[in-house]
Amino acid sequence: MARILITSAIPYINGIKHLGNLVGSQLPADLYARYQRGRGNEVMFLCATDEHGTPAELAAAKAGKPVAEYCAEMHEVQADIASRFGLSFDHFGRSSSAQNHKLTQHFAGKLAENDLIREVSERQVYSNADGRFLPDRYIEGTCPNCGYDKARGDQCENCTKQLDPTDLIEPRSAISGSTDLEVRETKHLYLRQSALKDQLDAWIDSKSDWPVLTTSIAKKWLHDGDGLQDRGITRDLDWGIPVKKGAQDWPGMEGKVFYVWFDAPIEYIACAGEWAEAHGKSDAEWERWWRTDKGADDVRYVQFMGKDNVPFHTLSFPATLIGSGEPWKMVDHLKSFNYLNYDGGQFSTSQGRGVFMDQALEILPADYWRWWLLSHAPENSDSEFTWENFQASVNKDLADVLGNFVSRITKFCRSKFGETVPEGGAYGPQEEALIAELTTRVRAYEAHMEAMEVRKSAQELRAIWAAGNEYLQSAAPWTLFKTDPVQAAAQVRLGLNLIRLYAVLSAPFIPASSARMLEAMQTTDDSWPEDAAGALSVLAPGHAFTVPEVLFAKISDEDREGWQQRFSGVRS
Ligand SMILES: [Zn+2]
């Protein structure tokens, strides 16, 4: 039995995510986790909310709540939606956890011990009215280039000119509007990534099986221009993990916190500690996933993320792990995704354009979305959600192919043989041909799933469903029944067993529907079809079943048009 550690990029806390976010990391990670569990492997699938940083503070202020309370509430909201989407995390943690505080401070202490941290003095804008330093984009003023009066300290949105906060005319705080600003000196810690450049380079060179997209992004950051830059890992904020050197205070760093990008990936590890605590397990239980000196040597670690997160996962986080000098498990495979666009444009959280996870579940069950999103995953290029395509895919693949197969064979059996698997007859050449085809296709499906080729896996699964339909169409037991009821019984028996087989194979994509199919077949045997012929005789003659309710309802043109209208902009 293999041991597989899976992490999905952790979603930011401020609000509900759209379908583009979902398909870019959590959903394909869930597909892979469910598949690996289905194969009998030991899986640890971790995700969490990313809770620190200024955007969380501002979202909390907007909601009129203390930031800790806001984060606790939004974590519950995101956890609930994730569970309703069938995301099967072993633990959904929080980057604000006690475990992450301790571990982040531990890593910073180790990096300092290894001379990989330096202190830098910077001049930053301080707002007296707000009692805090302001990040560049929270300073507003008039653009010196075009005169736009809402230019931000990092860039003018109107003329796109890159700016420094001190360039702005009449600068003011974007938080309070106060103009009582001054430039103050402040000290920050920098991680000396440049000192780790050769080690990171060698580590990436050892990953010959990584996609070129991934390694080329990492290599660009390592070598372009002046090469890999040192990175600030602290901020002047209240909300975050206090800067400490392990358990010790860090002189000169009082009142500062670690930068959210430093502590967020460390949460992948801390989350396993939260899992252990939640289940009353010892530290050794989670360390065997993460420490190569404590049992993680045989773990295969796979990360899922959008392409914009690749640099942090190939360079910054590995720099933290390598720089610690401790034997932490490093990523073995990194699966990254392009972007999903929405109906001729982009998903937009700020404009409420597109479908958000909570809204999706208000209109249709999770499996409809899971199937479309995964079968159209933006793997090799960006892909686009359109309502026409969604409707066509749901109606054809789910309703006409899979749903129709299940309905047809169970209803026919009930009408001619009753609600038990019929006995008699034997498989002939047609059935043998189907078994041979399924054997080939199931092996291909496994290979695509192992390789995390999401679209190809979906295509193969669809072909497996279609093979059953084609068989039924050509065998036509409803016709044969009139002349050879014994042979028709054998065909129906095969068909009923196919439902169980489909339930097992489809579970990673459409887990709720698969569960309903197994329930209708009145079996809990969800063993993987290592051998197609054997798998098609699991339900023996006399085994009782029930005819399930319609598995997938078709989407009407009227519904489609209504939803298209509803989600075209401005989330209400
Ligand atoms: Zn401008």
Side-chain angles (χ1 to χ4, degrees), residues 12-15 17-18 20-21 50 52-63 120-186 188 190 217 220-221 224-226 229-239 259-261 306-312 316 338-354 382 568-571:
Y12 200 69
I13 192 71
N14 66 342
K17 305 300 142 188
H18 55 64
N21 300 132
D50 180 6
H52 295 132
T54 311
E57 286 188 313
L58 293 183
K62 199 176 165 191
V120 174
S121 271
E122 291 176 346
R123 292 168 65 76
Q124 271 185 20
V125 174
Y126 186 86
S127 164
N128 287 304
D130 298 304
R132 58 181 287 171
F133 285 95
L134 298 177
D136 291 355
R137 59 192 175 124
Y138 295 116
I139 305 163
E140 281 180 357
T142 301
C143 173
N145 189 47
C146 73
Y148 179 60
D149 67 355
K150 288 191 184 65
R152 293 190 323 202
D154 55 348
Q155 190 180 22
C156 173
E157 266 190 345
N158 190 47
C159 70
T160 75
K161 189 177 166 63
Q162 304 280 320
L163 299 170
D164 278 325
T166 46
D167 296 337
L168 294 171
I169 300 160
E170 293 173 10
R172 60 186 182 271
S173 160
I175 300 169
S176 62
S178 168
T179 55
D180 185 10
L181 307 179
E182 62 185 51
V183 175
R184 284 193 188 178
E185 190 153 299
T186 178
H188 283 294
Y190 273 65
I217 292 173
K220 191 170 149 55
W221 281 58
D224 275 14
D226 297 330
Q229 299 298 300
D230 295 347
R231 191 172 176 86
I233 58 164
T234 56
R235 287 292 184 269
D236 288 292
L237 290 178
D238 293 331
W239 175 240
Y259 181 35
V260 60
W261 261 110
K307 62 185 170 187
D308 51 328
N309 281 338
V310 169
F312 295 98
S316 300
N338 289 286
Y339 298 133
L340 178 69
N341 293 318
Y342 179 78
D343 218 1
Q346 289 181 338
F347 279 91
S348 167
T349 302
S350 58
Q351 291 168 32
R353 189 167 189 282
D382 291 351
S568 58
V570 193
R571 180 180 163 99

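Atoms within each ligand, like the ligands themselves, are counted from 1 in listed order. For the numbers below, each heavy atom of this structure counts, side chains included, while hydrogens, waters and symmetry mates do not.
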Separation of Lys307 NZ from Asn338 CG (nearest 0.5 Å):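 Those atoms lie 4.0 Å apart.
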Identify every side-chain donor-acceptor pair in residues 158-171 under 3.5 Å, counting partners at least two apart or on other chains, and give the distances.
residue, atom, partner, partner atom, Å
Asp167, OD2, Asp164, N, 2.8

Partner set under side-chain hydrogen bond (donor to acceptor under 3.5 Å, both in side chains) for Asn309, not counting sequence neighbours: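 Testing Asn309 for side-chain hydrogen bond (donor to acceptor under 3.5 Å, both in side chains), a comparison that skips the adjacent residues, returns none.
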For the student: nearest non-hydrogen atoms of Ser316 and Arg231, plus distance: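 Closest heavy-atom pair between Ser316 and Arg231: OG-CD, 3.9 Å.
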Tyr126 and Phe133 aromatic ring geometry - parallel, tilted or perpendicular at 30°/60° bounds: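 Rings of Phe133 and Tyr126: perpendicular, over 60°.
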Protein N, O or S within less than 2.8 Å of the Zn ion (ligand 1), waters excluded: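 Metal shell, protein only: Cys143 SG, Cys146 SG, Cys156 SG, Cys159 SG.
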What pairs of donor and acceptor atoms, side-chain ones from residues 134-150 against any protein atom, are under 3.5 angstrom apart with sequence neighbours left out?
residue, atom, partner, partner atom, Å
Glu140, OE1, Arg172, NH2, 3.4

